[in-house]
Amino acid sequence: MSDYHPQALDSKWQERWQRARAFEVAVDPWRPKFYCLEMFAYPSGHAHVGHVRNYIIGDVMARTKRMRGYNVLHPFGWDAFGLPAENAAIKSGIHPEESTRANIAHMKGQLQRLGISYAWERELATCDAEYYKWNQWLFIRMFEKGLAYRKKSSVNWCPVDNTVLANEQVVDGRCWRCDTLVETRDLEQWFFRITAYADELLEAADHLDKWPEKVLTMQRNWIGRSEGARVTFPLEGDAATKIEVFTTRIDTIFGATFVVLGPEHPLVQALAERSSDPAALKRQVQAFRTQDRTKRISGELEKQGVDTGFRAINPFTKDAVPVWVANFVLGDYGTGAIMAVPAHDERDHEFATKYGLPIRPVVIPIPPVDDVANIEAKMEAEMERARAEAEASGAGSGSVGFFEEFWIEQPMPFTEYGMSVDSGEFSGLPTEEAQKKMIAAARKGGFGEGTVQFRLKDWGISRQRYWGTPIPMIVCPTDGIVPVPDDQLPVELPRVTEFTGRGDSPLAAVPEFVNVPCPKCGKPARRETDTMDTFVDSSWYFYRFADPRNQKQAFDPAAVRYWLPVDFYSGGVEHAILHLIYSRFFARVFRDLGMVSHDEPFTQLLTQGMVLKDGNVMSKSKGNVVDPDSMLQKFGADALRLYVMFVAPPEKEVEWSDSGLEGSFRFLGRVWRLVDHWAPAIHTAPNGPIDVAALNPAEKSVRRKTHDTVRRVTGDIEQRQQLNTAVSAMMELVNELYAFSEHTATGQPGRRAEGAAAPAERAETRLVMREAVEALVRMLSPFAPHTCEELWEQLGHQDGLTHAAWPAFDAEVAKADEVVIPVQVNGKVRGRLTVAADASEQELERAALADPGVTAYTAGKTVVKVVVAKGRLVSIVLSK
RNA sequence: GCCGGGGUGGCGAAACUGGCAGACGCACAGGACUUAAAAUCCUGGGCCGCGAAAGCGGCGUGUGGGUUCGAUUCCCACCCCCGGCACCA
């Protein structure tokens, strides 16, 4: 056989796989399934090695599982809609459809040249009408269930181009095209009611035990659940006007010394009208509102507020407290209004200090138990003193004072839990209990109740763009919002030819698209001209893969029942929140439509680390992109695949290294020569099982290493996804096989003269080597499929490796029968015992104490203790 | 600030259940083969000190403590790095 020249092998085997439809699958209830999925790709044009790493990880899993006997679904597709293609069209005039299709073709070629084992017959692109038709279908179902709704919402607006801007099109607060300062505008937009599932999404996260903790944390943060209470503060002298606040610390309500409305709060305008100087107040509020958007991004905002002049009644104390409007209260969280407790909240404290508002402590740290008697005595004395003082001065109650000595020690504000004080009937209660009792009291009094608040907001999906799924809705002057009837789906994206980046939604400029009869009354009506967020496309594509050509339904529920959930899903951490939460949301929507029977779409998630070059993320603009194609030309697909898997565990970031890649190439060459060297001997090996009794020690050792390597590699891939250590285990095996070869009649693989025939070997050697080499080639094949297929064929196998059985191992064989056990004396290794692996503790102890290396240290000392860890170590402790 | 992850040779890393720290690889050095180079094969190496060498001694997994015969691994305190959330009441 010739030297290792992988390039020719790559295309040879890729063609064979394709011809054999080797990776295409069908539902087969008799075999266990494995759905292996990598996040589908945005067709940006070129995949670099950073992208490609993810596909290789998935491919190693898919190929391994196939050999392990699973029916493996491993599909790929394209997240093909989106803004970049449209931006490119605006700049270059190339229609998004053309650029997208061209990019897909190129990237598909790249993946095929890497030998990724995809079921290409299931390929889909979200810009295909046969795909996005089902986006529209689902949208209408969600509309019917109240899960899709329309409301006013603000967008970035460029007043010069007269258009909505996506967040990515806003650069430093300015329009990406004309550099104009961006404004905000309110438009009617569509939302998905993901908040209806907030609690479920959060709770279910606890059961995603094969997801990285990091991702679950991010999702929990994003959902942001807080428990608290809503409490109503009626306006003083106008009980009909109520201010509802949300608080997580109702226990501090006796310390609420003012109320703050967010500038967006609906009541603000009304109060302004009735205030002493409406114009001034409105001006101030308007200032807060504009300040909000632009400044919030840039950094810390100084707290600013304005007194409305109105007062509200604290329902617990019955005190009237001032009502302010301030920039630090968010209009879209909670009720958009807060009660301010400066003594126990950082922000309220800062604000109160700035504007001279009263600060009233109502929580103190719980005193240590042994101080209680002491405190009671002090309390008595202090009350006595306060009473006397009050009497003497003729002033009101002085009872507040006595706690001073406790809170004075504490930072102000004191934000921790503790014990309520100066809180009427709730004084003396620990915070947790005060909260419960106060909520009960509020409910009883009809001015509040316990509630849960989420940070998560409903998902705004309207995009005023062209290259996306048209929203299948029609607005009729008489019937209002009417869905497009199912039998008229898909609402196809019309061919727009001019991309100016100016004006309305691009679709609004296509009259034949916009002007349609109302499906209900037949009178002229207008189509919705916005398109859907592309995250809608990617929230359910993994279901479509189960049944990608279905013309009648989004997917056949039976196919999904077989294939889903996805067993192994891998992709970048950048999708940890949005894509993965939206997909979990959609799974529940489909579930509630009766179409799927699981809650969670992805059983296991792996977030792969990025590949850096010179310490930076690869990007075209930085000019540090490593193009896989050039690497393929030099070293072949397998060296690249192997290197990327070997360099680090899959989740870790890695720094690209050309010499590391060369190292992997060298290793494959080493395997190649090993197999080439031993092939003749293996071909002439007798059939039948290995006669274990006839093996010499070296052969036994090779056999042990073989079985142990199979054990390690299998576990590393299947259980731990430690693909790097799987590779290093195989490298160890190869090293041992080389060392073994040196002592056989065949000599060292690399040293044999070209063409020289391998001398005859012991039959046992040939059998042991056959077992070793065939196991190696099969284990390595998920990493280096082309090379291994070729070697497998050379070893005399005709059926290919794709569905070859994964090597089995015998745990007994994998164990060493002799082990070297270190002996420690006072924690330092002083000797080594070579003993049978199953040597008893007594034997070990006796041998250890007799070891000359050990006796040199124990001589003349008293042995206090001997600890024996069977099969591992002996530890001897001497007296001082 | 809150939450999560991490810190091990010149570098990427390994150590799976508390048991020989540094497997495997990169880079490097030496040797073999060669007229020579490349390729290949073999050998070496945590750091410091002593020694011509075999070897001997000490130190060593971010820092400081603790538990233990024994700690990269468990506990406490702290430092640093990465990521997420953040005027979220």
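On a predicted model such as this, the values are computed, not experimentally measured, just so you know. Chain A is the first sequence line, chain B the second, and so forth, proteins listed ahead of strands; every chain is numbered from 1. Keep in mind that the numbers below use all heavy atoms, side chains included, and drop hydrogens, waters and symmetry copies.
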Out of B:A89, B:G19, B:C26, which nucleotide sits closest to the side chain of A:Thr247? B:A89
Between B:G62 and B:C11, how far is it from one P atom to the other, in whole Å? 14 Å
Less than 4.0 Å between a side-chain N and a carboxylate O, is that true for A:Asp716 and A:Arg712? no
Euclidean distance, A:Arg666 CZ relative to A:Leu668 CG, rounded to 0.5 Å: 11.5 Å
Anti or syn - B:G12, cut at 90° from 0: anti
Does a nitrogen or oxygen in the side chain of A:Arg220 sit under 4.0 Å from OP1 or OP2 of B:G84? no
Is the positively charged end of A:Lys303 above the ring of A:Phe351, judged by distance under 6.0 angstrom from the centroid and angle within 45° of the axis? no
B:C50 to B:C33 separation - C1' atoms, rounded to the nearest Å: 38 Å
With a 4.0 Å cut-off on heavy atoms, is A:Pro649 in touch with a base, just the backbone sugar-phosphate, or nothing at all? sugar-phosphate
If you compare every side-chain N and O of A:Arg712 against the phosphate oxygens of B:A14 (OP1, OP2), does one of them come in below 4.0 Å? no
Using the P atoms only, state how far B:C82 lies from B:A89, rounded to an integer number of Å. 27 Å
Base B:C20 to side chain A:Arg872, donor-acceptor N/O within 3.5 Å cut-off: no
Establish, with yes or no, whether the OP1 or OP2 oxygen of B:G25 is under 4.0 angstrom from a side-chain nitrogen or oxygen of A:Asn724. no
For B:C42 versus B:G49, give the span between their P atoms, rounded off to a whole number of Å. 33 Å
Can you say whether a donor on the side chain of A:Thr217 sits under 3.5 Å from an acceptor on the base of B:C3, or the other way round? no
Ignoring backbone atoms, test whether A:Lys214 places a side-chain nitrogen or oxygen under 4.0 Å from the OP1 or OP2 oxygen of B:G84. no
Face-on cation placement of A:Arg670 at A:Tyr738 ring, 6.0 Å and 45° thresholds: yes
Does A:Gln722 make a side-chain N or O approach to OP1 or OP2 of B:C16 shorter than 4.0 Å? no
Flag the pair A:Phe447 / A:Phe316 as yes when their ring centroid distance falls below 6.0 Å, and as no otherwise. yes
Base, sugar-phosphate alone, or nothing: which one does A:Gly334 contact when heavy atoms must sit under 4.0 Å apart? nothing
With a non-hydrogen cut-off below 4.0 angstrom, is A:Val820 in contact with a base, only sugar-phosphate, or nothing? base
Pairing of RNA chain B as dot-bracket, 5' to 3': ( ) intra-strand, [ ] crossing, | other strand, . unpaired, with Watson-Crick or G-U pairs under 3.5 Å? (((((((..(((......[....))).(((((.......))))).(((((....)))))..(((((..]....))))))))))))....
For A:Trp459, which of A:Tyr582, A:Trp222, A:Phe535 qualifies under ring-ring contact (aromatic ring centres under 6.0 Å, His included)? A:Tyr582
Using a heavy-atom cut-off of under 4.0 Å over every strand shown, decide if A:Lys303 touches base, sugar-phosphate, or nothing. base
Indicate whether any N or O donor in one side chain lies under 3.5 Å from an N or O acceptor in the other, for A:Ser659 and A:Glu662. no
Roughly how far apart, to the nearest Å, are B:U73 and B:G7 at atom C1'? 15 Å
Please state the P separation for the pair B:A27 and B:A36 - nearest whole angstrom. 24 Å
Going from OG on A:Ser226 to OH on A:Tyr333, what distance comes out if it is rounded to the nearest 0.5 angstrom? 3.0 Å
Measuring only the P atom in each nucleotide, how far is B:G64 from B:G12? A whole number of Å is fine. 23 Å
Might you point out which heavy atoms bring A:Gly572 and A:Met39 nearest each other, and give the distance in Å? N-SD, 4.0 Å
Describe the nucleic acid contact of A:Val867 in one word from base, sugar-phosphate, nothing, applying a heavy-atom distance below 4.0 Å. base
Any base atoms under 4.0 Å from A:Asn735, or only sugar-phosphate, or nothing? Heavy atoms, all strands. sugar-phosphate
When rounded to the nearest Å, what value does the distance between P atoms of B:G9 and B:G5 take? 22 Å
Which nucleotide sits closest to the side chain of A:Arg670: B:A89, B:C42, B:C26? B:C42
Give A:Phe667 one of three labels, base, sugar-phosphate or nothing, depending on what nucleic acid heavy atoms sit under 4.0 Å from its own. nothing
Which listed nucleotide (B:G19, B:C59, B:G84) is nearest to the side chain of A:Lys828? B:C59
Please classify the nucleic acid contact of A:Asp332 as base, sugar-phosphate, or nothing, using heavy-atom distances under 4.0 Å. nothing
Using a 4.0 Å heavy-atom cut-off, does A:Thr248 contact any base of the nucleic acid, only the sugar-phosphate backbone, or nothing at all? sugar-phosphate
Under 4.0 angstrom between A:Arg666 side-chain N/O and B:G25 OP1 or OP2: no
Using a heavy-atom cut-off of 4.0 Å across all strands, would you classify A:Glu213 as base, sugar-phosphate, or nothing? sugar-phosphate
Please check the phosphate of B:A86 (OP1 and OP2 only) for any side-chain N or O of A:Arg455 closer than 4.0 Å. yes
Just how far, in rounded Å, is P of B:G83 from NE2 of A:His575? 17 Å
Shortest non-hydrogen pair, A:Val363 vs A:Asp251, comes out as CG2-OD2, 3.9 Å
Does B:A89 have OP1 or OP2 under 4.0 Å away from a side-chain N or O of A:Ser226? yes
